[in-house]
Protein chains: 2
Amino acid sequence: MELIGLLHASDRALTQQELEARTTVAADRVSIFRSLDAFEQAGLVHRVLDAGGTGRYAPCTGGCAQGAHVDAHAHFHCVRCEGVFCLATVTVPKVELPRGFRSQRSHLDVEGICKACR
Amino acid sequence: MELIGLLHASDRALTQQELEARTTVAADRVSIFRSLDAFEQAGLVHRVLDAGGTGRYAPCTGGCAQGAHVDAHAHFHCVRCEGVFCLATVTVPKVELPRGFRSQRSHLDVEGICKACR
DNA sequence: CCATATTTGCAACTCAGTTGCATCAACAGG
DNA sequence: CCTGTTGATGCAACTGAGTTGCAAATATGG
């Protein structure tokens, strides 16, 4: 699908709205949601929440398979442009949890000013 | 306000809905949102997004002041009960960012099974 | 070519959060 | 005691993301 291309072409994670605005062949919002869902299941794309709780999508960088994401990298949230960037080089550190909690996956979100906004 | 008490009495972060259900003096959802907003500004309460992007509120553990949260601890998201817990003992590790990104704050979210759900 | 399965579009809905406006309570000064 | 201003509260209506049901369109396969 065209969506994957758009995601790869972007330097940041995109919302459904942004994707819809960029598609050449007009597609319904519902279809976009459904496609993104499917891609996520397939391990091609991952979904990140931005500061407002809205979903943004970015391509997986490999290693992600069918239903199991190795979503190991951190994300950067720019407070100025609201952009969300995948930090492929930044792995999420393991931390010591209190007794009783069993960890399966972690997300690290760094907030600040992005490259383009300074 | 009663809300602060409810938050302190809970072992996990609560949504506006959950708070509304627990208040003795019936309050409008809008009022609750507005109060929580005010408390957040005041540095008494902090807001965390759960896995679905919904806001959950928890009391600040001290050190947070007027408009500036020292939201230094991690949060745990239980995949079974959907609960969100503050991990007061777990500080968010600093990470090395790619050139150009300036960090202001970080959030670490651990996903897994909580104490009560095993 | 027809029958079945998959994809798409549309409408309508849910749910969190916000905004505008009217009302009510509190308190200050006359 | 009355009034005028201020801040909190309630209500209704809206927004925006995401979901669901259903019908129409488009593949797929015998």
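Just so it is clear: chains get the letters A, B, ... in the order the sequence lines come, proteins before strands, and each one is counted from 1.
Atom pair R56(B):CZ and dC15(C):P shows a separation of 14 Å (rounding to whole Å applied). Between the C1' atom of dT8(C) and the CG atom of D37(A) lies a distance of 15 Å, rounded to the nearest Å. Here dT7(C) presents its P atom at 13 Å from CD of Q41(A), a figure rounded to the nearest Å. Rounded to whole Å, the distance from CG on L49(A) to C1' on dG16(D) is 15 Å. The distance from atom CD of Q16(A) to atom C1' of dT8(C) is 15 Å, rounded to the nearest whole Å. When rounded to the nearest whole Å, the span between CG of L36(B) and C1' of dT18(C) equals 14 Å. For D50(B) and dG18(D), the CG to P distance is 13 Å, given to the nearest whole Å.
Residues H75(A) and H77(A) keep their aromatic ring centres 6.0 Å or farther apart.
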List the atom pairs, with distances to 0.1 Å, where a side-chain N or O of residues 88-98 of chain A and a protein N or O form a donor-acceptor pair under 3.5 Å, not counting sequence neighbours.
none

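By the side chain to side chain donor-acceptor pair (under 3.5 Å) test, E111(A) is found to be paired with R105(B), H107(B), residues two or more places apart in sequence or in another chain being considered.
Contacts between residues 17-34 of chain A and DNA chain C, defined by a heavy-atom separation below 4.0 Å, involve A26(A), A27(A), D28(A), R29(A), V30(A), S31(A), R34(A), listed by number.
Within the structure, side chain to side chain donor-acceptor pair (under 3.5 Å) pairs that include any residue of residues 22-34 of chain B comprise E2(B)-T24(B) (at least two apart or interchain).
Counting side-chain heavy-atom gaps under 4.5 Å among Ile, Leu, Val, Met, Phe, Trp and Tyr, the cluster of V84(B) also holds V48(B). The hydrophobic cluster around L49(A) extends to none of the other residues, as no ILVMFWY side-chain heavy atom falls under 4.5 Å of it.
Nucleic acid contact class of G55(B) (heavy atoms, under 4.0 Å, all strands): sugar-phosphate only.
Contact annotation: R47(A) side-chain N/O to dG18(D) OP1/OP2 distance is under 4.0 Å.
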